[in-house]
Amino acid sequence: RKYDALLARLTDVETAARRATTEAQTGVLRVIAGRADQTVYRLDAQTSMIGKRPSCLVRLRGWFKPQLALAISRNRQGYVATWLGGVIIIDNKPINGRHELKHGDLIDACGLLLEFTLEK
């Protein structure tokens with residue numbers, strides 16, 4: 001019984017610590033190259049979109065840019081980028097599915113170069 005109680009307590013502590021580190025760090029996109037409305041975008045929402053639609057956090061400009069290019073979702077482990085359309089390259093590798101973002105990743109979203117960082 002003591003072993004089970006200690007194991008449950010340890011699991012609770014690990015979960016709380018993981019949640020605290022994820023919640024304490026907020027994702028930030030910095031524009032490195034390309035045309036954008038702002039130079040820095042904070043990823044405060046649960047899901048942030050990159051595309052041509054007016055509802056997107058990062059708006060792409062140009063005739064042939066996709067309405068929705070990339071969705072960046074926040075979960076307990078960090079941030080995940082999901083391809084929705086267009087040409088998306090993360091760290092010189094094209095993606096067509098999901099990609100877990102790490103601090104310092106370079107995202108080329110249809111010609112707009114962004115750097116993903118984690119800040120407190």
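The figures here come from the full heavy-atom set of this structure, side chains too, leaving out hydrogens, waters and symmetry mates.
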Item to complete: May I ask you to decide if Gly27's main-chain N or O and Tyr79's side chain share a donor-acceptor pair within less than 3.5 Å?
Response: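 Pair found, side chain donor or acceptor close to backbone of Gly27.
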
Discussion item. Go through it in stages, so that I can follow the logic: the residues are Leu118 and Val28, the test is side chain to side chain contact (heavy atoms under 4.5 Å, CB included), and I'd like the CA-CA distance, side-chain angles, deciding distance and then a yes or no.
Written reply: CA-CA 6 Å; Leu118 291 171; Val28 174; over 6 Å; no

Discussion item. Is there a path of hydrophobic side-chain contacts, each under 4.5 Å between heavy atoms, that joins Leu101 and Trp83?
Written reply: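 Same cluster: Leu101 reaches Trp83 through Ile, Leu, Val, Met, Phe, Trp or Tyr contacts under 4.5 Å.
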
Worksheet item: Do you reckon Ile88 sits in the same ILVMFWY cluster as Val58, going by side-chain contacts under 4.5 Å, direct or chained?
Response: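 Yes; tracing contacts between hydrophobic side chains, which count when under 4.5 Å, links both residues.
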
Supply the atom-to-atom distance [X] [atom1] to [Y] [atom2], rounded to the nearest 0.5 angstrom.
X      : Y     : atom1 : atom2 : value
Asp108 : Leu70 : CG    : CG    : 11.0 Å
Asp4   : Arg9  : CG    : CZ    : 14.5 Å
Lys52  : Gln67 : NZ    : CD    : 6.5 Å
Ile72  : Leu57 : CD1   : CG    : 8.5 Å
Leu84  : Leu68 : CG    : CG    : 5.5 Å
Phe116 : Ile90 : CZ    : CD1   : 10.0 Å

Distance-minimising heavy-atom pair for [X] and [Y]:
X      : Y     : answer
Ala109 : Leu60 : O-CD2, 3.6 Å
Leu112 : Ala33 : CD1-O, 3.5 Å
Ala36  : Tyr41 : CB-OH, 3.7 Å

Practice prompt. Run the numbers on Asn75 and Val80 for side chain to side chain contact (heavy atoms under 4.5 Å, CB included), then give the verdict.
Written response: CA-CA 8 Å; Asn75 59 23; Val80 176; 3.5 Å; yes

Item to complete: Start with the C-alpha gap between Cys56 and Ile50, add the side-chain angles, then the distance that decides, and say whether side chain to side chain contact (heavy atoms under 4.5 Å, CB included) holds.
Response: CA-CA 5 Å; Cys56 291; Ile50 298 174; 6.0 Å; no

Item to complete: Check each of Leu106, Leu29, Asp105, Ile107 against Glu115 using the side chain to side chain contact (heavy atoms under 4.5 Å, CB included) test, and report the only one that passes.
Response: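 One option only clears the test, and that one is Leu106.
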
Fill in: Pairs meeting criterion salt bridge (charged side-chain N to carboxylate O under 4.0 Å, His left out) with involvement of residues 33-46, two or more places apart
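The answer is Asp37-Arg61, Arg42-Asp44, Arg42-Glu119.
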
Worksheet entry | side chain to side chain contact (heavy atoms under 4.5 Å, CB included) assessment of Leu114 paired with Val31 | CA-CA 5 Å; Leu114 304 162; Val31 177; 3.7 Å; yes

Worksheet item: Do Gln38 and Val40 have side chains that get closer than 4.5 Å, going by heavy atoms?
Response: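 Counting from C-beta outward, Gln38 and Val40 never come under 4.5 Å.
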
